[in-house]
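A quick note: this is a predicted structure, and the numbers were derived from the prediction, not measured. Residue numbers start at 1 and run along the sequence shown.
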Amino acid sequence: MSRLPRPHSSPDPKPFPPTLKRKAPEEDDIEQQPSKKPTSGFRPARPLQASRNGTNSSSSTAAPPTTALKGPSKPVMPRTLTRPNPPAAARPTARGASAAAIRKPSSGIGAGLPSRVPSSSLIGKRSTSASASASAAAPDVITNLHKRLTTLETARSQDTERLATLLESHPAAASSSSSSAAATIDVQAELFAVQAQLAGTTTQLNSISAQLVAAQTELATTRASEGEARREILALKAEVLAGKTAVAAAHDETGELRRAMARAEEDAEIRGRRTERMLREVKDELEEREAQVVKLKGEVGGLRRELAETVSAEVGLQERHRALEGRAERLAGEVKELHGEREEWEEERRALREEAVRGEEERRKLHGMVMELKGNIRVFCRVRPVLPSEATESVVDAAGDTPAVAAQIAYPDSGMPYPSGQKEIVLSSMGQEREWDAGMGNKPRKEVWGFGFDRVFAPSSTQADLFAEISQLAQSCTDGYNVCIFAYGQTGSGKSWTMEGGDTEETKGMIPRAVEQVFRVAEDLKDKGWTYTMEGQFLEIYNETITDLLSPTPSPGDPPRKHEIHHHPTTHLTTVSDALSPAVTSPAQVMALLAQAQGRRRVAATVMNERSSRSHSVFTLRIRGVHSGGEQARVGTLNLVDLAGSERLGALGHHMGSGSGSGAGLGASTMGGGGERGERLKETQSINRSLSALGDVVAALGSGPGAHVPYRNSKLTYLLQNSLSGNSKTLMVLNLSPLAAHLNESLTSLRFATKVNNTTIGTAKKVQVQGGKS
Ligand SMILES: Nc1ncnc2c1ncn2[C@@H]1O[C@H](COP(=O)(O)OP(=O)(O)OP(=O)(O)O)[C@@H](O)[C@H]1O
């Protein structure tokens, strides 16, 4: 019996000592929020006993039962108990082995059982992960316990069966022989052992069953605890989240409070500064006010004094007022008288105005008379200065000589003021005697030619000087006269300069000045009831052909325009067909027309080689004045004519009938060869004809009323017919070159102009020049 192994019974599980404290993962987080009080749902971790031998590790507490339950699936004892009966010879060995097997408690039934079943309290108080692993391990323990139970029950039934078998076989053995008594004792001993083992096994089985029930109970408790723990964890998490949110909110609030505090401090500082400034201002203002008060006090004192003075002055004023009232009454009477006088003056003014109109008419008549006395055809002579370019260049005359540049020209009466002086010009050949005369034994000829004109302008004269004499003539067209101003002279003598002039106010010529004068007079006459309208026309006569310089330049291939001259038989107005006569309302407009005409002439010049020098240009300003008082309308014409160069005037002397002109004719330098020579000849003949015709017309006009005037002999004279006859006034400005080389041309021009001058109707007289001949 003593050899029988003691069935191993598992020790009862002891309550876990409170050595382990459950620590939730979030515990640290919670501890970081000291402001938060632990919630009612949170309980401090409960201590638990990890294992029987006092190990604190959770893994060591959980692992042993699992390992024990998964231990040997076939315990030694049952295998020993259930083994088939060995042969008798072998039994001791088998028994010994079996006993050995039974003596091994570690590998017996007890070894297969869990050494400790985790208590429900332990599992329930573990962390979530520990609880989860414990929950997962619990069913395995129960299953193993069930298996072990089944195995033990099977072993018990086998042992029971075997016991029965032994009991049955014992009587037979006892009866067979006496020697079998010892064997029977052994069997009985074995039977007792088996019975004892069976009893142990049964006890062990009961113990395991009890453990199983306890384990199941503990599992249920563990699961319940686990659910509770989860809820607690969730609650804790919610609390932590709420705590975090509260902390964040507190942080925000703190930041906001800090910012608010900073702002408040800043505001306070600004307010402080503002208050200081205001205080300073108030102080300053106070000081200022005090100063003002002092000043005002002074002023008040002054005002009081003034008031006293004013009061006394008022008394005086009242007296004066009464005196003034009396005076006003007297003045009212005077005003009444003045009104009467004013009406008289108005009457007088009206009479004066009428007298002024009559005076203007008188002036006009007198002006006409003066002009007539001066001569309806007058001649001025103007000598241009030597140009800087001419002063240096070597001038060669027709004979190939290079005489002195400037001709000998004298102005004998220039010391006397006009009109008694400044009418004479004397040319001399002194210093330019021809050497061949001396060479041929003749005495060098020394000739002097003197001429007299209505006015002689020396080279130093200005455009203004000339216009001063012309302005009255130009103005007479506003009185209803026809005026003709010619510029005559050889090429380069200054005709264009005289008529058009330069670009400046000082150098502008007769055309712009005459136009301005006419517009000025027309404006002045507005006060006298006159309204003037004007129109301009600009024609060129080249080779007896009229060109309208105001028409657009024709394109190449355009048929040439034909311009016919018409004279109205009753109105005596001259018109040119197909020629433009635009209305002009200002001098600037007229200047624009002149510029347009010059542009057209320049185009023609490039085509026809200096045509402008060989053509006549005629600018005509037609003027019509209407009087509001019903006076007869005034119609006048101002013609400003730039004649072609006269140096080609070889036949003029013959046409003029003087026969005394030297007639420079065509100089070699002006003639080209071949076809060009023919062209020039034709051109020259045309110029000759027209200038001769002009001389003939002037001569005829001078021969007295009733004489035939050959206007139709040239386009120029026919165009100017109405401006040369009747009440017309003609002025010829003879332009002379100052150069010695042009002496002969100048003499020819002077002779032509003298003939014109001699034919004038009126008192134009021939000036007798000392030592000269004309
Ligand atoms: N009184 C003057 N004062 C200064 N320069 C003058 C004067 N008269 C003429 N001239 C100059 O003399 C030159 C010739 O004058 P202008 O062209 O007027 O001669 P013209 O007789 O019109 O010649 P053309 O017949 O070739 O047109 C020009 O350079 C002009 O500026």
Side-chain angles (χ1 to χ4, degrees), residues 359-382 417-423 453-458 460-488 494-502 504-528 530 532 534 536 584 586-591 594 619-623 625 634-642 723 727-735 760 762 764:
E360 169 60 23
E361 189 60 29
E362 194 70 16
R363 185 205 61 78
R364 204 168 70 87
K365 281 181 189 158
L366 283 170
H367 179 68
M369 280 167 68
V370 168
M371 297 313 276
E372 275 175 28
L373 281 170
K374 281 186 173 179
N376 277 347
I377 297 178
R378 293 195 295 151
V379 178
F380 289 172
C381 176
R382 186 185 197 190
Y418 181 77
S420 51
Q422 299 180 10
K423 292 180 177 179
F453 298 100
D454 291 294
R455 178 88 194 253
V456 172
F457 292 92
S460 58
S461 63
T462 62
Q463 301 281 52
D465 293 337
L466 180 63
F467 188 69
E469 278 305 306
I470 289 175
S471 67
Q472 289 288 316
L473 187 68
Q475 187 181 330
S476 64
C477 69
T478 59
D479 297 334
Y481 288 95
N482 289 332
V483 177
C484 241
I485 300 174
F486 293 98
Y488 177 90
K495 298 186 296 293
S496 300
W497 178 264
T498 295
M499 298 307 273
E500 294 160 19
T504 65
E505 193 62 25
E506 288 76 31
T507 59
K508 66 184 178 189
M510 298 308 111
I511 293 177
R513 286 171 193 265
V515 167
E516 283 171 13
Q517 169 87 351
V518 167
F519 273 98
R520 200 161 41 237
V521 171
E523 188 64 29
D524 290 348
L525 288 172
K526 268 187 185 170
D527 288 350
K528 296 183 175 72
W530 288 97
Y532 283 89
M534 300 173 212
V584 287
S586 69
Q589 211 179 342
V590 175
M591 291 304 110
L594 291 177
F619 172 71
T620 304
L621 189 70
R622 294 201 187 90
I623 302 154
R634 295 172 183 174
V635 179
T637 309
L638 174 65
N639 295 288
L640 299 158
V641 186
D642 189 351
S723 295
N727 63 349
S728 65
K729 300 169 191 301
T730 303
L731 171 71
M732 182 169 280
V733 180
L734 169 64
N735 290 94
T760 53

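- For W530, the ring-ring contact (aromatic ring centres under 6.0 Å, His included) test picks out H627, with sequence neighbours left out.
- The CZ atom of F486 lies 8.0 Å from the OG atom of S723; values are rounded to the nearest 0.5 Å.
- Between I485 and M499, the closest heavy-atom pair is O-CE, 3.7 Å.
- Taking E516 as the reference, K508, R520, P587 meet the side chain to side chain contact (heavy atoms under 4.5 Å, CB included) condition, with sequence neighbours excluded.
- For the pair E500 (side chain) and G509 (backbone), a donor-acceptor distance under 3.5 Å is absent.
- The side chain to side chain contact (heavy atoms under 4.5 Å, CB included) search around A464 returns T462, R513, not counting sequence neighbours.
- Side-chain contact between I623 and V635 is absent, with no heavy-atom pair separated by less than 4.5 Å.
- The line from CG of L640 to CD1 of I511 is 5.0 Å long, rounded to the nearest 0.5 Å.
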Kindly determine whether I470 and Q475 satisfy side-chain contact (heavy atoms from CB on, under 4.5 Å), including the steps that lead there.
-> CA-CA 9 Å; I470 289 175; Q475 187 181 330; over 6 Å; no
Start with the C-alpha gap between M732 and V379, add the side-chain angles, then the distance that decides, and say whether side-chain contact (heavy atoms from CB on, under 4.5 Å) holds.
-> CA-CA 5 Å; M732 182 169 280; V379 178; 4.3 Å; yes
Any chance you could lay out the side-chain contact (heavy atoms from CB on, under 4.5 Å) test for C484 and L731, step after step, and finish with the verdict?
-> CA-CA 6 Å; C484 241; L731 171 71; over 6 Å; no
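- Looking at residues two or more places apart in sequence or on another chain, you find a salt bridge (charged side-chain N to carboxylate O under 4.0 Å, His left out) between K526 and E523.
- The nearest pair of heavy atoms linking V584 to F519 is O-CZ, 4.0 Å.
- Heavy-atom minimum distance, A522 versus M534: CB-CE, 3.8 Å.
- Taking the side chain as every heavy atom from C-beta outward, R382 and S461 approach each other to under 4.5 Å.
- Taking the six-membered ring wherever Trp is involved, the centroid distance between the rings of F457 and F380 falls below 6.0 Å.
- The NZ atom of K423 sits 14.0 Å away from the SG atom of C381 when rounded to the nearest 0.5 Å.
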Derivation of the side-chain contact (heavy atoms from CB on, under 4.5 Å) call for T507 and W497 = CA-CA 8 Å; T507 59; W497 178 264; 3.8 Å; yes
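- Side-chain contact between V518 and Y532 is absent, with no heavy atoms from C-beta onward closer than 4.5 Å.
- Between the SG atom in C477 and the CZ atom in R634 there is a gap of 11.0 Å [rounded to 0.5 Å].
- At a threshold of 4.5 Å between non-hydrogen side-chain atoms, the residues R455 and Q422 count as touching.
- The two residues L638 and A474 have their closest heavy-atom pair at CD1-CA, 4.3 Å.
- Evaluation of the ring-ring contact (aromatic ring centres under 6.0 Å, His included) rule for F619 yields F538 as partners, not counting sequence neighbours.
- In this structure S460 satisfies the side chain to side chain contact (heavy atoms under 4.5 Å, CB included) test together with A458, sequence neighbours excluded.
- Rounding to the nearest 0.5 angstrom, the gap separating the CG atom in L594 from the CD atom in Q589 is 11.5 Å.
- Annotation: side chain of M510 is in contact with side chain of T498 (closest heavy-atom distance under 4.5 Å).
- Checking T730, T637, T620 one by one against N482, the side chain to side chain donor-acceptor pair (under 3.5 Å) holds for a single residue, T637.
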